[in-house]
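Presented below is the structure to which this report refers.
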2 protein chains.
Amino acid sequence: MVFSKSFGYALRGLLYVAMINETSPRVQLDEISKKLAVPRYFLGKVMKKLVKGGVLKSKKGPYGGFYIHEKTLSTTLLQLTAITGDTIMYGSCVLRFRKCNAENPCPLHRQVEFLKNEWQNVLASTNIGDLLKKNHPDFLKSIAVI
Amino acid sequence: MVFSKSFGYALRGLLYVAMINETSPRVQLDEISKKLAVPRYFLGKVMKKLVKGGVLKSKKGPYGGFYIHEKTLSTTLLQLTAITGDTIMYGSCVLRFRKCNAENPCPLHRQVEFLKNEWQNVLASTNIGDLLKKNHPDFLKSIAVI
DNA sequence: CGGATAAAAGACAGGTTTGTCTTTTTATAA
DNA sequence: TTATAAAAAGACAAACCTGTCTTTTATCCG
Ligand code: FES
Ligand code: FES
């Protein structure tokens with residue numbers, strides 16, 4: 001009932017880059033992993049997925065690093081789950097029955113239907129820009145602490 | 001965002017035993033695993049956890065098997081998550097921060113606080129007996145279908 | 001008691017996720 | 001062009017979850 005570690009790293013990494021990019025054009029993996037207290041090489045892989053997923057940019061070499069582009073701030077949490085491979089349960093049963101449907105519902109179906117929709121809604125309607133704004137100004141503290 | 005397989009097996013196993021025990025004093029693992037179409041030996045381990053967790057009883061040997069006791073029907077889904085080791089997020093952060101608290105919230109805290117409480121509520125207020133009642137009479141179908 | 005039955009326990013294997021380290025590729029500046 | 005810096009890519013290991021099989025332990029019945 002919790003996101004994967006990868007998702008957490010991805011979100012926090014993305015937020016950190018977005019925050020830094022308000023004042024600096026690039027951030028390096030080294031800095032990100034230290035500030036977030038996240039395993040460096042693993043974070044590298046997650047960030048790579050973000051770049052490949054089209055929600056972040058990167059540049060190799062000197063003066064390189066990660067930086068945002070147009071789409072970054074409008075990236076929703078739902079898109080992020082797709083990128084990090086988190087199984088999200090819209091259309092799938094919380095009990096892992098073959099599929100979630102009202103005709104042949106699992107014993108939990110009624111109880112969780114509403115919550116699933118609401119949850120789905122939050123993920124689809126919240127984007128990186130929203131989180132960045134809402135959590136200012138002690139925002140760094142909120143993503144840096146494990 | 002979904003329960004573990006173990007949790008699903010545990011719940012369905014528990015429900016099956018509870019259902020059968022309305023007419024028969026014991027059920028064997030063999031029958032349960034076949035009816036639920038669940039891997040037999042793995043289910044055995046899950047059932048063992050239920051017994052150790054004090055929400056089910058078992059007896060070895062001839063005429064043995066699994067059966068319910070007083071506490072079985074009042075077992076909540078929240079208790080089940082504890083038994084199967086599912087990380088549930090009440091008091092813990094969806095992003096896996098050390099702990100979820102309002103003073104130093106993660107970037108998602110605000111957005112998910114309400115949903116977490118609601119979800120928690122469903123799990124804590126739903127017990128095996130409830131599910132058994134609500135899903136009668138085509139209840140077997142609902143738990144047997146994978 | 002002795003044989004049969006069923007859960008409990010233990011050993012092991014495959015897959016996925018997470019984590020670490022090394023090598024390769026790309027870009028920059030001098 | 002060369003040295004350097006940084007991400008990308010690849011190889012590998014540890015931990016966890018799931019699944020299978022074998023051995024042990026408890027119980028019942030004759
Ligand atoms: S059938 Fe299980 S949640 Fe809908
Ligand atoms: S601190 Fe993350 S959900 Fe509360």
Side-chain angles (χ1 to χ4, degrees), chain A residues 1-10 12-14 16-17 20 24-34 36-69 81 83-87 95-96 146, chain B residues 1-10 12-14 16-17 20 24-34 36-69 81 83-87 95-96 146:
Chain A
M1 303 315 311
V2 151
F3 290 112
S4 69
K5 286 194 173 187
S6 290
F7 179 91
Y9 294 162
R12 290 160 67 200
L14 208 45
Y16 188 80
V17 174
I20 291 298
S24 166
R26 303 265 196 290
V27 209
Q28 284 82 44
L29 186 57
D30 232 49
E31 172 177 334
I32 306 173
S33 67
K34 271 174 193 155
L36 301 184
V38 154
R40 197 208 127 115
Y41 298 106
F42 191 73
L43 178 63
K45 294 188 175 175
V46 173
M47 299 299 282
K48 184 175 59 178
K49 282 187 190 171
L50 293 175
V51 172
K52 291 213 166 180
V55 301
L56 189 65
K57 283 196 172 179
S58 67
K59 187 161 273 185
K60 292 182 177 179
Y63 300 83
F66 295 93
Y67 58 105
I68 68 174
H69 64 167
T81 63
I83 290 174
T84 59
D86 277 51
T87 33
L95 293 188
R96 312 262 202 139
I146 286 188
Chain B
M1 302 315 309
V2 150
F3 289 114
S4 69
K5 285 196 175 186
S6 291
F7 179 92
Y9 294 161
R12 290 159 67 198
L14 208 45
Y16 188 80
V17 173
I20 291 297
S24 167
R26 303 264 197 291
V27 210
Q28 285 81 43
L29 187 57
D30 233 51
E31 172 177 334
I32 307 173
S33 66
K34 272 174 191 152
L36 300 185
V38 155
R40 197 210 128 116
Y41 297 106
F42 191 73
L43 179 62
K45 294 188 174 176
V46 173
M47 300 299 280
K48 185 177 56 176
K49 282 187 191 172
L50 293 175
V51 172
K52 292 212 164 180
V55 302
L56 189 65
K57 283 195 171 179
S58 67
K59 189 162 272 188
K60 293 178 176 182
Y63 301 85
F66 295 92
Y67 58 104
I68 69 175
H69 65 169
T81 62
I83 291 174
T84 59
D86 277 50
T87 34
L95 291 189
R96 314 258 204 137
I146 289 189

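Throughout, a chain's letter reflects where its sequence line sits, starting with A, and its residues are numbered from 1. Note that the structure is a prediction, hence the values are computed from the model and not measured.
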### Message
Both atom distances under 3.5 Å, Watson-Crick or G-U wobble: I'd like the secondary structure of DNA chain C as a dot-bracket string, with | for pairs made across strands.
### Response
||||||||||||||||||||||||||||||

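When side chains are defined from C-beta on, A:Val51 counts as touching A:Phe66, because their heavy atoms get closer than 4.5 Å. Under the 4.5 Å side-chain criterion, counting only non-hydrogen atoms from C-beta, A:Thr81 is in contact with A:Phe3. Residues B:Val27 and B:Tyr16 are in side-chain contact: their nearest non-hydrogen atoms beyond the backbone lie under 4.5 Å apart. The side-chain heavy atoms of B:Ile20 and B:Arg26, taken from C-beta on, include no pair separated by under 4.5 Å. The shortest side-chain heavy-atom distance between B:Tyr9 and B:Ser4 does not fall under the 4.5 Å cut-off. Between A:Phe7 and B:Leu95, the closest side-chain pair of non-hydrogen atoms falls below 4.5 Å.
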Which atom pairs link the protein and nucleotides 20-22 of chain C when you take only N or O atoms and keep those under 3.5 Å?
unit_1: C:dT20; atom_1: O4; unit_2: A:Lys45; atom_2: NZ; d: 3.0

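For B:Phe66, whose side chain is taken as the heavy atoms from C-beta onward, the closest listed nucleotide among D:dT27, D:dA8, C:dA8 is C:dA8. Comparing C:dA7, D:dA5, D:dT27 against the side chain of A:Pro62 picks out D:dA5 as the nearest. When distances are taken from the side chain of A:Val51 to each of D:dA8, D:dA7, C:dT28, the shortest belongs to D:dA8. Nearest to the side-chain atoms of A:Gln28 among the listed nucleotides D:dA8, D:dG19, D:dA6 stands D:dA6.
Rounded to whole angstrom, the span from the NZ atom of A:Lys48 across to the P atom of C:dT23 amounts to 17 Å. Put simply, NZ on A:Lys59 is 13 Å from P on D:dA8, counting in whole angstrom units. For the pair A:Asp30 CG and D:dA8 C1', the computed distance is 15 Å after rounding to whole Å. Here C:dT18 presents its C1' atom at 7 Å from NZ of A:Lys5, a figure rounded to the nearest Å. Rounded to whole angstrom, the span from the CG atom of B:Leu29 across to the P atom of C:dA9 amounts to 14 Å. A:Asp86 has its CG atom 15 Å from the P atom of C:dT16, to the nearest Å. Atoms NZ (B:Lys34) and P (C:dA6) sit 11 Å apart, rounded to a whole Å. Going from atom CE of B:Met47 over to atom C1' of C:dA6 covers 13 Å, rounded to whole Å.
Atoms CG and CZ, from A:Asp30 and A:Arg40 in turn, are 4.5 Å apart once rounded to the nearest 0.5 Å. Taking OG of B:Ser33 as the reference point, atom CE of B:Met47 lies at 10.0 Å (rounded to 0.5 Å). Once rounded to the nearest 0.5 Å, the distance linking CG of B:Leu14 with CG of B:Leu50 reads 5.5 Å.
Residue B:Lys52 places none of its side-chain N or O atoms closer than 4.0 Å to OP1 or OP2 of C:dA7. Between A:Lys60 and C:dT24 there is no side-chain N or O to OP1 or OP2 distance below 4.0 Å. OP1 or OP2 of C:dT18 lies within a sub-4.0 Å distance of a side-chain N or O belonging to A:Ser6.
Judged by closest nucleotide on DNA chain C, A:Phe7 is the one of A:Phe7 and A:Arg26 placed further toward the 5' end. Place B:Gly85 and B:Gly61 on DNA chain D by their nearest nucleotides, and B:Gly85 ends up nearer the 5' end.
With B:Gln28 contributing its side chain and B:Gly64 its backbone, the two residues share a donor-acceptor pair below 3.5 Å.
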